Amino acid sequence: MVAAKKEQVTFEIEKALQQAKTKGQLDFREMPNFAVEIPREKAHGDFATNAALLLSKETKMPPRQIAQIILANLESSNNNSDSSSDSSSNSSAAGADRFEKVEIAGPGFLNFYLGTGWLYKLVPQIIAEDKNFGKSSFGQGEKVQIEFVSANPTGLLHMGNARGAALGDTLCNLLKAAGYEVSKEFYINDAGNQIENFGKSLEARYLQLLGENVDFPEEGYHGEDIIETVKKIMAEVGDAYLKVEASLRREFLIQKALQEKISNIKNDLARFGVEYDVWFSEQTLHDSGAITKTIQELQEKGYIYEKEGALWLKTTQFGDEKDEVMVRSNGLPTYFAADIAYHQNKFERGFQKVINIWGADHHGHVARMKGAMRALGYDPEKLQVILMQLVRLSQEGEIVRMSKRSGQYITLAELMDEVGRDAARFFFVMRSPDSHLEFDLDLAKEESAENPVYYVQYAHARICSILKASPEKLTESGAADFTLLKEDAEIDLLRKLADFPEEIIEAAVSYEPHRLTRYAHDLASLFHSFYNSCRVLTDEEELRKARLLLVEATRITLRNVLLLLGVSTPERM
RNA sequence: ACGCCCGUAGCUCAGUGGAUAGAGCACUGGCCUCCGGAGCCAGGUGCGUAGGUUCGAUUCCUAUCGGGCGUGCCA
């Protein structure tokens with residue numbers, strides 16, 4: 001709705017510029033790339049453009065004078081349209097869509113005032129669209145694959161994984177709402193070195209629990225959870241693997257433990273509201289020969305050479321500081337080689353866009369991976385990596401150091417126990433991925449009104465309460481005279497509701513889920529203000545009906561945005 | 001040493017090549033005969049520093065300082 005208005009404004013300005021050029025009033029070669037935006041200040045109208053400022057240099061004229069010319073041409077084209085529509089039986093419908101007024105302001109901005117007519121059509125539209133309000137076909141069904149979390153199955157999910165989960169899942173919801181076809185994927189690193197390590201750690205714990213005196217591997221996983229896992233396995237098989245060959249024992253423990261770990265991860269993520277479409281095993285890439293095939297392909301294209309018994313990829317050709325090993329001298333492919341094969345596999349599956357959410361500690365990997373994709377003949381632009389900065393945990397004013405090796409970290413499960421899913425998800429998505437998110441455990445634990453998620457949910461619950469208390473059911477008052485909604489608080493609320501579909505598109509295309517929490521908070525805030533200045537259940541029947549429907553439209557929008565965020569929508573709190 | 005990210009109010013963070021840079025928390029003072037006070041309204045010396053590009057820079061560029069991360073035949 002807003003988008004349509006914006007297009008109209010853009011179109012009118014272009015028409016006016018063209019007209020001025022034709023008349024010889026303005027001299028420019030190409031249509032300037034002017035902006036049409038919703039001004040920060042309400043006093044600056046519904047839309048504003050900087051077209052005159054941009055043309056100042058080329059035309060060698062003062063911006064305000066240019067604005068004056070544009071304005072004059074806007075008016076004359078408006079008049080033309082008006083006179084043509086006058087011949088129709090009723091010109092007021094067309095007139096309502098036209099600008100109420102256009103002003104020159106500041107250094108040369110043109111401010112457009114639309115009036116309120118178009119806003120009054122909004123409420124019934126939102127109510128009719130209901131769960132679909134906000135959705136669009138912007139993405140035109142483009143197939144997008146998004147991989148996130150992909151935590152090593154050797155441990156539990158930590159805060160960084162939780163941030164990735166919240167961001168990734170919300171981004172998926174956003175992209176779907178914006179008309180993309182999205183597939184969510186978790187890449188299971190169930191092969192390679194860390195699995196070897198995992199096996200050694202499991203074995204050591206197993207033998208220790210059976211009373212054997214063995215050292216724990218230096219590079220092993222020291223976490224308590226490994227012991228728990230081994231205990232569970234022992235409850236099933238006892239000491240049956242005490243005296244078997246070490247490699248068999250290790251293999252058994254690895255398989256059992258992986259099963260248990262992955263199932264834990266799945267459960268924790270599901271509890272966090274995240275369900276994947278695909279769980280992709282790295283091991284399958286080894287088993288199917290996909291990695292070998294990828295390496296061969298790179299070799300044939302001349303990107304691979306041998307040195308000191310290892311195969312190297314010429315990543316320096318892609319701007320890397322040094323080349324990377326693909327196959328170690330012991331014959332085993334590296335994680336990097338597997339990851340290239342994995343990404344090739346993604347493109348082979350026909351995705352037009354492939355998104356990864358990685359921790360910032362992997363940033364060195366981005367250029368290499370994009371380079372590898374180009375080497376394989378794919379457009380690296382289609383691979384989008386969202387880097388998120390690491391989560392800092394603070395408690396009692398101190399930064400808590402987290403390390404997977406040492407097993408010192410707060411898990412996703414613990415986080416949900418303490419602060420709940422709603423608060424955790426909202427909190428993680430609230431910050432831009434670029435920010436070093438500081439998670440204050442004490443504050444989060446408090447579960448008090450300090451958490452912004454309650455503020456938004458409270459608005460929703462409050463609305464539900466009003467609707468319940470209403471003397472008439474909404475269906476009885478489907479129609480209303482919305483022009484009765486004249487208060488500033490009402491108009492502000494309507495404008496915010498109108499923004500929602502475009503807000504989704506912008507958040508989706510810029511991969512910025514945090515815009516959504518901002519929108520949710522702003523909308524809740526405008527509702528609370530409205531609530532305090534306008535009584536909904538007033539004795540004036542017509543006004544009551546109009547306000548009830550406005551409130552219902554607000555409820556729908558709040559619910560839809562919370563749904564996108566994966567946050568619950570309580571009717572009572 | 002080099003590379004990437006960040007530096008905005010007391011704290012945690014938004015934001016933009018444009019008009020008077022915002023929110024939450026904290027602090028102070030108001031607002032319930034009335035739909036939920038987990039609410040509303042009012043209150044602020046802030047864009048790390050120095051140059052440059054521009055009609056206009058907090059935003060873009062360069063340098064510099066401070067913090068985080070990375071630079072493995074680990075993942």
Side-chain angles (χ1 to χ4, degrees), chain A residues 35 37 39-41 43-44 48 50 53-54 56-57 62-63 105-109 111 150 152 154 189 191-197 219 282 307-312 319-322 324-336 338-339 359-367 387-390 392 394 397 404 427 430-440 443 448-459 461-471 489 512 514-515 517-518 521-522 524-525 527-538 544 547-548 551 572-573:
Chain A
E37 53 190 16
R40 246 197 326 267
E41 298 292 324
H44 297 147
N50 59 350
L53 291 121
L54 293 181
S56 173
K57 187 168 196 173
F109 290 100
N111 293 338
S150 296
N152 277 339
T154 53
N189 298 119
N193 246 13
Q194 89 279 7
I195 291 296
E196 291 296 308
N197 228 346
E219 296 287 301
E282 177 185 349
K307 191 179 88 180
E308 294 164 10
L311 290 184
W312 297 72
D320 223 351
E321 287 174 28
K322 52 186 140 188
E324 289 287 318
V325 172
M326 294 288 281
V327 180
R328 292 184 278 253
S329 50
N330 64 9
L332 295 176
T334 59
Y335 152 87
F336 182 45
D339 218 15
D361 51 344
H362 286 64
H363 73 253
H365 198 50
V366 177
L387 289 175
M388 74 188 170
Q389 297 299 316
L390 305 181
R392 250 182 329 215
S394 72
K404 203 163 196 175
F427 205 108
M430 199 162 54
R431 306 305 187 202
S432 138
D434 273 340
S435 76
H436 301 267
L437 188 150
E438 181 169 329
F439 204 109
D440 185 334
L443 188 70
S448 69
E450 285 169 16
N451 198 317
V453 69
Y454 292 140
Y455 181 80
V456 180
Q457 288 179 316
Y458 181 65
R462 207 175 209 185
I463 289 173
C464 291
S465 174
I466 296 170
L467 296 178
K468 255 177 244 159
S470 160
E512 292 175 333
H514 66 280
R515 296 173 64 128
T517 53
R518 191 161 196 78
H521 186 274
D522 288 351
S525 171
F527 170 74
H528 286 310
S529 294
F530 157 77
Y531 175 89
N532 272 275
S533 63
C534 302
R535 192 175 166 76
V536 178
L537 300 178
T538 164
R544 182 174 69 231
R547 284 185 175 163
L548 267 173
V551 163
R572 258 187 314 256
M573 295 174 72

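Owing to the predicted nature of the structure, the values given are computational and were not obtained by experimental measurement. So you know, we letter chains A, B, ... as the sequences are listed, proteins then strands, and number each from 1.
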With P as the reference atom in both, quote the distance from B/A1 to B/U58 in angstrom, rounded to an integer. 30 Å

Distance-only donor-acceptor test, A/His436 side-chain atoms vs B/G67 base atoms, 3.5 Å: yes

Between B/G36 and B/G48, how far is it from one P atom to the other, in whole Å? 45 Å

Students often get this wrong, so: under 4.0 angstrom with heavy atoms, is A/His362 touching a base, only sugar-phosphate, or nothing? base

Once hydrogens and angles are ignored, does a donor-acceptor distance under 3.5 Å link the base of B/C35 to the side chain of A/Ser465? no

Counterpart base for B/C55, defined by Watson-Crick or G-U wobble contacts under 3.5 Å: B/G18

Tell me if the side-chain of A/His363 makes a donor-acceptor pair with the base of B/G3, cut-off 3.5 Å, by modelled atom types. yes

For the P atoms, the ones on B/G24 and on B/C41, what distance do you get once it is rounded to whole angstrom? 9 Å

Between B/G22 and B/G44, how far is it from one C1' atom to the other, in whole Å? 12 Å

B/G3 to B/A9 separation - C1' atoms, rounded to the nearest Å: 33 Å

Can you name the residues that form a ring-ring contact (aromatic ring centres under 6.0 Å, His included) with A/His363, not counting sequence neighbours? none

Cut-off 3.5 Å, side chains only: do A/Glu219 and A/Asn197 have a donor facing an acceptor? no

Give the nucleotide from the list B/C40, B/A19, B/G37 with an atom nearest to the side chain of A/Ala105. B/A19

Can you tell me the pairing partner of B/A50 across any strand shown, Watson-Crick or G-U wobble, with both distances under 3.5 angstrom? B/U62

Under 3.5 Å for both donor-acceptor distances, Watson-Crick or wobble: does B/A23 have a partner, and if so which one? B/U12

Mark yes or no: A/Arg462 above the aromatic ring of A/Tyr531, with NZ or CZ under 6.0 Å from the six-membered ring centre and no more than 45 degrees from the axis. yes

Report the distance from atom CZ of A/Phe427 to atom P of B/G24, rounded to the nearest whole Å. 15 Å

Once you round to the nearest 0.5 Å, how far does CZ of A/Arg535 lie from CD1 of A/Ile466? 9.0 Å

Distance-only donor-acceptor test (3.5 Å): side chain A/Asp522, base B/A14: no

Distance check, P atoms only: B/A26 and B/A63, in whole angstrom units. 42 Å

